[in-house]
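Below: one structure, written as structure tokens.
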Amino acid sequence: MCGIVGYIGQRSALPVLIDGLRRLEYRGYDSAGIAYANGEGIGIHKTMGRIDDLKNILPAPLPEARVGLGHTRWATHGAPSDRNAHPHETGGVAVVHNGIIENYQQLKARLIAEGHEFASDTDTEVIPQLISSYMQKGFHFEEAMRMAILDLKGSYALGIMSASAPGKLFAVRNGSPLVVGFGPGEFFFASDIPAFLAYTKKFAFMEDGQIFTLAAGEEARLERLETNGNSGGNSGKRPPEPELKIVEIDWTAEMAEKEGYDYFMQKEIYEQPATVMETMREWLDDPMEMLRTMGITPKMILGLRRLHIAACGTSYHAALVGKYAIESLAHIPVEVEIASEFRYKHLLVEKNSLFVSITQSGETADTLAAQREAGKKGAHTLTICNVVGSTASREADSVLYTRAGPEIGVASTKAFTAQMAALCLLAVALGVKRGRLIADEAETLTGQLKKMPLLIEKALAAGPHVKEVAASVTGARSMLYLGRGINYPIALEGALKLKEISYIHAEGYPAGEMKHGPIALIESGLPVVVVIPMGSLFEKTLSNIEEVKARGGRVIAVTDEPASLQGKADETIPVPSTHPVLSPFVNVIPLQMLAFHTGVIRGNDVDKPRNLAKSVTVE
Ligand code: M6R
């Protein structure tokens, strides 16, 4: 939700900032802006729209500056408009912000009573207004900035600069992600690593309640910052200053490029044979080693009465697949919950139980809150996460990284299959350790997992046919997705993908639940996508297909048994056969492609669907 960037060094700042914003545009894209400081004071250019719109309003040649800030917005307070675009500037202090200032109304009322005039409807504007109000009362800029921050309640990652300190840039974190990049004599900061991968691989991940002071050619200064959440403490002792830890990232700038594809989503769909394998590579030959590395002891595994998983969106659907896999292979009951619900319910998480969060970004506010709540209850927290150094990975007791590489498309695809890969390996390892899976069965499963890249390739080969099917559904007002057992979450995921990028209403249902209500929706021509792999539920799902057909629905079947569906389904999309527990890997591929092509044919920007942002860092 919103991307912020900052640069200070010897380069011309504006091209660096615009490049960084372009790479962060997946975080929000309803307005954009930059601020820079040079001998002539602070300059600001901002506009409603995307980074291309911002480029169009910039003067040519670009103003020269060695320091600046940038922002790409996902609106929370105040409609998308020029006046609400960041940076916000008052009295020579410019601020970019990702997050929500929860007490902005009280602060704004106080400032208005003092005679300040506001130029936007945002929560953010209170920050430069507060700083300049303290400066007007005689405080030095840096003091004023620290006092203003102490007034704020909520979550924020901030970039701040002032005409009174033109050689400095400040980065502040409290609840919203922020990383600082290090180059020779120069610094970058951004909401997410891909912004500046082309310039540096060295990053420090900021913690809550920290401030970086960055000045070109000088050492970066990292300090603990007093915020509304951490200012108290009755010991009277100030905690020690934080230690600067710089991490070398192994992602490349190319990984965050389209590399010949028209869309990131398309590239990410086609990367899945590789990203699934990358995720499993380290553990495939010995999944038990994975448990050891994560510090999950045999005692803990044998003592587990149940396991909890919490996640949001697509990661939640991976969690549901994980539940089926763990329950069937390890016989451990698994409770799966949407993180935003988990965090506010009466938690029945036992001490020493295992809690798993699943998150591509590692920054989803609700998932982080759920993980923290489970940790407070004494559970061992494990995160399945794609971003090294993200908040979830730093705060969890153990991390199982998915190795999907940067996922830029807002609609998640390769992260989903990578999450399923991690969960299936976890299920196999737990099954073996609990004595529920004999060595032969475990080998059959890992053998099938080793073949998964090839099977996904085969599923991808249906692309041209799926594109034709997509052309036939583009006019639909609504669609249904049905699946059973471990493929019910795949129906949910197919429906979510379609909603997100084609804007066609879609619902995922367990096929057996149709007769309890949703069958009333079926009318002549309604497209109904049915995931129907050969196996114990094939016949039952076939009956559901008959019920849909009898009411005029148009059945699009995703199956490894197309011959048996001839004359039953209107369209069949073939996928290869695999172990029943692993069938979601191949079945989700056509559903991702169907959503992608439908979105493209309808003329939508599938990489940046309306109203969405890649990382939901606010509640
Ligand atoms: O980064 P996370 O995995 O925590 O994100 C969770 C959801 O916000 C995310 O999966 C979202 O639903 C995607 N837009 C789905 O395509």
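We count ligands from 1, going down the list as the structure has it; atoms in each ligand are counted the same way.
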Any side-chain donor near an acceptor of the partner, Thr383 and Ser357, under 3.5 Å: yes
Under 4.0 Å to a heavy atom of Val410 - the qualifying atoms of ligand 1, by number: 13 (C), 14 (N), 16 (O)
For atom 1 (O) of ligand 1, closest protein heavy-atom neighbour: Ser361 OG, 2.7 Å
Within-cut-off N or O pair, Gln419 and ligand 1, under 3.5 Å: no
For Ala411, atoms of ligand 1 separated by under 4.0 Å from a heavy atom: 16 (O)
Atom indices of ligand 1 within 4.0 angstrom of Thr359 heavy atoms, with elements: 1 (O), 2 (P), 3 (O), 4 (O)
Donor + acceptor pair across side chains of Asp605, Tyr29 (<3.5 Å): no
Donor-acceptor pair between Thr314 and Glu493 side chains, under 3.5 angstrom: yes
For Lys497, atoms of ligand 1 separated by under 4.0 Å from a heavy atom: 15 (C), 16 (O)
Nearest neighbour in protein (non-hydrogen) for atom 8 (O) of ligand 1: Val616 CG2, 4.0 Å
Identity and separation of the nearest protein heavy atom to atom 7 (C) of ligand 1: Cys312 O, 3.6 Å
Glu363 and ligand 1 - part of the residue with a heavy-atom distance under 4.0 Å: neither
Ligand-residue contact atoms, ligand 1 with Ser315, heavy atoms, under 4.0 Å: 2 (P), 3 (O), 10 (O)
Option of least heavy-atom distance to atom 2 (P) of ligand 1 (set: Val387, Thr314, Thr364): Thr364
Minimum heavy-atom distance Gly181-Thr200, with the two atoms named: CA-CG2, 4.0 Å
No-hydrogen, no-angle side-chain donor-acceptor test under 3.5 Å, Thr402 and Asn386: yes
Protein contact of atom 12 (O) of ligand 1 - nearest heavy atom, named by residue and atom, plus distance: Gly313 CA, 3.2 Å
Between Asn487 and Ser583, a side-chain donor and acceptor under 3.5 Å: yes
Identified side chain to side chain contact (heavy atoms under 4.5 Å, CB included) counterpart of Phe189 within the set Val172, Val179, Leu69: Leu69
Identity and separation of the nearest protein heavy atom to atom 13 (C) of ligand 1: Glu500 OE2, 3.5 Å
Polar contact flag, side-chain donor to acceptor under 3.5 angstrom, Gln419-Ser315: yes
Side-chain donor-acceptor contact under 3.5 Å, Glu363 with Ser390: no
Atoms of ligand 1, numbered as shown, that sit under 4.0 Å from any heavy atom of Gln360: 1 (O), 2 (P), 3 (O), 4 (O)
